[in-house]
Amino acid sequence: MPLQYDLHCHSTASDGTLGPDALVERAAARGVDVLALTDHDTTAGLTVARAAAERCGIELVNGIEVSVTWSHQTVHIVGLHIDPGNQALQAGLKRLGAFRKWRGEEIARRLEKAGIAGAHAGALALAGGEVLSRTHFAHFLVQAGHAPDVRRVFKRFLVSGKPGHVPGEWAGLEEAVGWINGAGGQAVIAHPARYRISAGRRRALFGEFRECGGAGIEVVSGSHSAEDARAMAELTRQFELLASRGSDYHGPPSPYVELGKLAPLPDGCRPIWETWADGARQHPVQ
Ligand code: AMP
Ligand code: MN
Ligand code: MN
Ligand code: MN
C-alpha cells in the first residue's frame with residue numbers, strides 16, 4: 001500500500017474544531033500515514049500534534065497556511081517542513097496576527113451596524129487559540145440564528161459586498177514564500193481551483209509564485225472536484241511545479257472531505273513528497 005499523505009488540515013489552534021492531539025489521533029485511526037498540520041497563520045498547535053503523532057505512530061510534517069493578499073485577492077500559501085522556531089517567519093506571523101485582531105473587532109463593528117450585537121465576544125468564545133477567524137464569526141452567527149448553516153452565513157454576511165466583510169491586508173506573495181523558504185520549507189498554493197479568478201489570472205499567479213521560489217500547488221484538495229484535480233495536474237506540468245494533496249479538514253462538522261477519504265493524485269504530476277529524503281518522511285533535500 002502506498003503511504004497516505006494528507007498535507008493540509010486545521011486544529012483549534014486556528015479554525016478547526018479538534019485539538020491538535022485529537023486531530024492527529026483521528027488521522028491515524030483513518031489510515032493517514034503522513035499528516036501536515038497547517039493552521040492559519042500560526043504554528044502554535046505543532047508541539048502538541050508532534051507528541052500525539054509519536055504516540056500514534058504517524059509522521060507529522062510541520063506546516064502552516066499563510067494568508068496572502070495577491071492582486072486584491074486573498075490567496076492561501078501552505079508551507080511544508082517549516083522550522084517553527086524561525087524568527088523571520090514568526091515575526092511575519094505576528095504581524096498577520098495583529099491584523100487579524102483588528103479585523104475581528106472591525107467585523108464586529110460592521111455587524112453591529114447591521115443590527116447584530118455581541119459578535120466579537122461570541123466569536124472569541126468559540127476561538128480555542130490565538131487566531132480569530134471568520135469561521136468563528138460564522139459559527140457564532142449560526143448559533144445566534146442569523147443563518148441556517150455556515151455556508152449560507154458566509155454568503156450573507158462575510159464575503160465581499162456583505163455587511164461583515166473587511167478586506168484582507170495579509171502578507172505579500174513573495175513575502176510569504178520568502179518566510180516559508182527561509183524557514184527551510186516548501187511553499188504550496190492551497191486549493192488553487194477554489195479562487196474566483198479567471199484562468200488567465202490563475203496562470204499569472206502560478207507564474208509569479210514560481211518566479212519567487214514557490215515549489216508546488218495542491219492538485220487534490222478537499223475543496224476540488226475530480227475535474228479541478230485533472231486541470232491542476234496539467235498546470236503542474238506547464239509550470240514545472242510539484243503536486244500536493246490535502247483534505248483541508250477542519251474537524252466535525254467539516255464541509256470538506258473526511259480524513260483518510262481523499263482521492264489519490266492523478267497520473268502525470270510529480271508528488272511533492274518525492275523530493276523528501278528518507279522514504280519521503282524527512283525534510284526536503286536542499
Ligand atoms: P479567515 O482567514 O479568518 O478570513 O477565514 C477563512 C476561513 O473561513 C477559511 O479557511 C475557511 O475555513 C472558512 N471559509 C471561507 N469561506 C467559506 C465558505 N464559503 N464556507 C465555509 N467556510 C468558509
Ligand atoms: Mn479555515
Ligand atoms: Mn485555505
Ligand atoms: Mn486550510
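Quick caveat, the model's predicted, so the values are computed rather than measured. Whatever order the structure lists them in is the order used to number ligands and atoms, beginning at 1.
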The Mn ion (ligand 4) neighbourhood, protein N/O/S only, threshold under 2.8 Å
H8 NE2, H10 NE2, E65 OE1, D248 OD1
Once salt bridge (charged side-chain N to carboxylate O under 4.0 Å, His left out) is applied, what residue pairs with a partner in residues 135-145 remain, sequence neighbours excluded?
none
Decide, yes or no, whether a salt bridge links R103 with E169 under the criterion of side-chain N to carboxylate O below 4.0 Å.
no
I need the full list of salt bridge (charged side-chain N to carboxylate O under 4.0 Å, His left out) pairs touching residues 109-122, with sequence neighbours left out, sorted by first then second residue.
E106-R109, E106-R110
Answer yes when D6 and R30 have at least one side-chain N-carboxylate O distance shorter than 4.0 Å, and no when they do not.
no
In D15, which N, O or S atom comes closest to the Mn ion (ligand 2)?
OD2
How about V32 and L262: do any of their side-chain heavy atoms sit closer than 4.5 Å?
no
What pairs of donor and acceptor atoms, side-chain ones from residues 119-138 against any protein atom, are under 3.5 angstrom apart with sequence neighbours left out?
residue, atom, partner, partner atom, Å
S133, OG, T135, N, 2.9
S133, OG, T135, OG1, 3.2
R134, NH1, L158, O, 3.1
T135, OG1, D15, OD2, 2.8
H136, ND1, S133, N, 3.0
H136, NE2, S14, O, 3.3

